[in-house]
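This report refers to the structure that appears directly beneath it.
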Amino acid sequence: MTLMRIATWNVNSLKVRLGRLEEWLGYAQPDVICLQETKLADAAFPGMDMERLGYEWAHHGSGRWNGVAILSRVGIENVRTGFDDGHDDEPSEARVITADCGGVQVTSVYVPNGRSLDDEMYRMKLDWLDRLHDFIAGSSKAGDEVAVCGDFNVAPHDIDVYSPKAFAGSTHVSDDERKRVQRLLDWGMVDAFRSRWSQEKLYSWWDYRAGNFHKGFGMRIDHILLSKPLADNVSFALIDRNARKGQLPSDHAPLFVDVEAS
DNA sequence: ATGGTAGCGCTGCTA
């Protein structure tokens with residue numbers, strides 16, 4: 001068994017956040033980190049910077065919007081983009097990438113926001129979460145070591161929202177979205193952060209506007225879902241709020257878990 | 001809490 005630190009961070013433009021990412025990698029020292037919203041085309045990905053920092057990498061992006069990546073210092077093999085389910089929104093959407101890192105199947109996801117309950121993007125979000133479930137169920141067994149990490153744009157329970165009343169009728173908290181996330185848990189995954197912090201109101205995203213971070217007006221929408229073999233061996237989990245402070249922060253904080261992987 | 005900020009890129013979209 002070896003200790004593996006697995007992280008996820010929606011960086012909201014890797015170009016702008018490169019310095020903050022380098023700083024965070026330097027002190028958090030994750031073995032694997034999933035990134036979302038790189039907002040870069042593959043050709044613009046700063047691969048040499050990642051290699052200088054000691055990471056192999058795989059990126060899936062088409063520029064301007066979305067873009068996901070996996071960085072690993074425990075190897076990165078069998079890289080796959082999209083869901084490979086015959087739909088045609090990938091690669092242009094660039095919301096999912098999967099690789100095998102140190103014996104763990106790691107997927108970095110940037111789930112569609114949904115905009116509002118009456119928007120067609122909301123239906124697309126629900127379908128996307130179903131496709132994610134089908135991809136995971138089709139590419140692995142519950143007994144495998146599997147990690148699905150990223151910005152789910154779903155707060156699984158009311159405890160994950162600073163004010164459920166303020167979000168009533170909005171995306172991120174609807175029953176249909178929560179059921180889609182629950183499908184992944186029913187398949188055999190565990191919300192690793194919540195397994196370690198059962199009652200705490202701790203968030204991973206705060207709107208840039210209106211001083212929401214300083215008011216504590218956040219939501220926990222970034223998650224690391226682990227299959228049981230990994231989830232049973234989590235020794236630590238943390239959302240690093242300090243990375244949401246200071247100069248040029250992302251609107252998301254990074255999350256990491258420490259697991260004993262075989 | 002119905003305004004507000006950030007990023008991309010040059011106009012308004014996305015979040």
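Below, chains carry the letters A, B, ... as their sequence lines are ordered, and counting in each starts from 1. Quick caveat: nothing in here was measured; it's all calculated off a predicted structure.
The nearest whole Å value for the distance from the CG atom in A:Leu248 to the C1' atom in B:dT5 is 13 Å. Atoms CZ (A:Arg244) and P (B:dT5) sit 13 Å apart, rounded to a whole Å. The CZ atom of A:Arg20 sits 11 Å away from the P atom of B:dG7 (whole-angstrom rounding). Following rounding to the nearest Å, A:Phe217 (CZ) and B:dG3 (P) show an atom-to-atom distance of 16 Å. A:His214 places its NE2 atom 18 Å from the P atom of B:dG4, with the value rounded to the nearest Å.
Side-chain nitrogen and oxygen atoms of A:Ser13 include none within less than 4.0 Å of the OP1 or OP2 phosphate oxygen of B:dA6. The phosphate of B:dA6 (OP1 or OP2) has no side-chain N or O of A:Arg17 nearer than 4.0 angstrom.
Between the side chain of A:Glu177 and the main chain of A:His172, a donor-acceptor pair closer than 3.5 Å is present.
Here the separation of B:dT2 from B:dA15, taken at their P atoms, is 23 Å to the nearest Å. For the P atoms, the distance linking B:dG3 with B:dG7 amounts to 24 Å, nearest Å. Comparing the same atom, P, in B:dG4 and in B:dC8 gives a spacing of 23 Å after rounding to whole Å.
Applying the ring pair (Phe, Tyr, Trp, His ring centres under 6.0 Å) definition to pairs two or more places apart or across chains, none involves residues 100-122 of chain A. Applying the ring pair (Phe, Tyr, Trp, His ring centres under 6.0 Å) test to pairs two or more places apart or on separate chains, those with a residue in residues 137-161 of chain A are A:Phe152-A:His223.
Within residues 170-182 of chain A, no residue has any heavy atom closer than 4.0 Å to DNA chain B.
Note: A:Tyr162 and A:Phe217 have parallel aromatic rings, judged against thresholds of 30 and 60 degrees for the angle between ring planes.
Not a single salt bridge (charged side-chain N to carboxylate O under 4.0 Å, His left out) links A:Arg64 to another residue, sequence neighbours left out. When the salt bridge (charged side-chain N to carboxylate O under 4.0 Å, His left out) test is applied to A:Glu22, the partners found at least two apart in sequence or on another chain are A:Arg52. Looking at residues two or more places apart in sequence or on another chain, you find no salt bridge (charged side-chain N to carboxylate O under 4.0 Å, His left out) involving A:Asp42. For A:Arg194, the side-chain hydrogen bond (donor to acceptor under 3.5 Å, both in side chains) partners two or more places apart in sequence, or in a different chain, are A:Asp160. Partners of A:Glu200 according to the side chain to side chain contact (heavy atoms under 4.5 Å, CB included) rule, which considers only residues two or more places apart in sequence or in another chain, are A:Trp197, A:Leu202.
Along DNA chain B, the nucleotide nearest A:Ala210 and the nucleotide nearest A:Tyr162 are compared for position; the residue whose nucleotide lies closer to the 5' end is A:Tyr162.
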Give me, pair by pair, the N or O atoms of the protein and of nucleotides 13-15 of chain B that are less than 3.5 Å apart, along with how far apart they are.
from	atom 1	to	atom 2	distance (Å)
B:dT14	OP1	A:Arg115	NH2	3.1
B:dA15	OP2	A:Arg115	NE	3.3

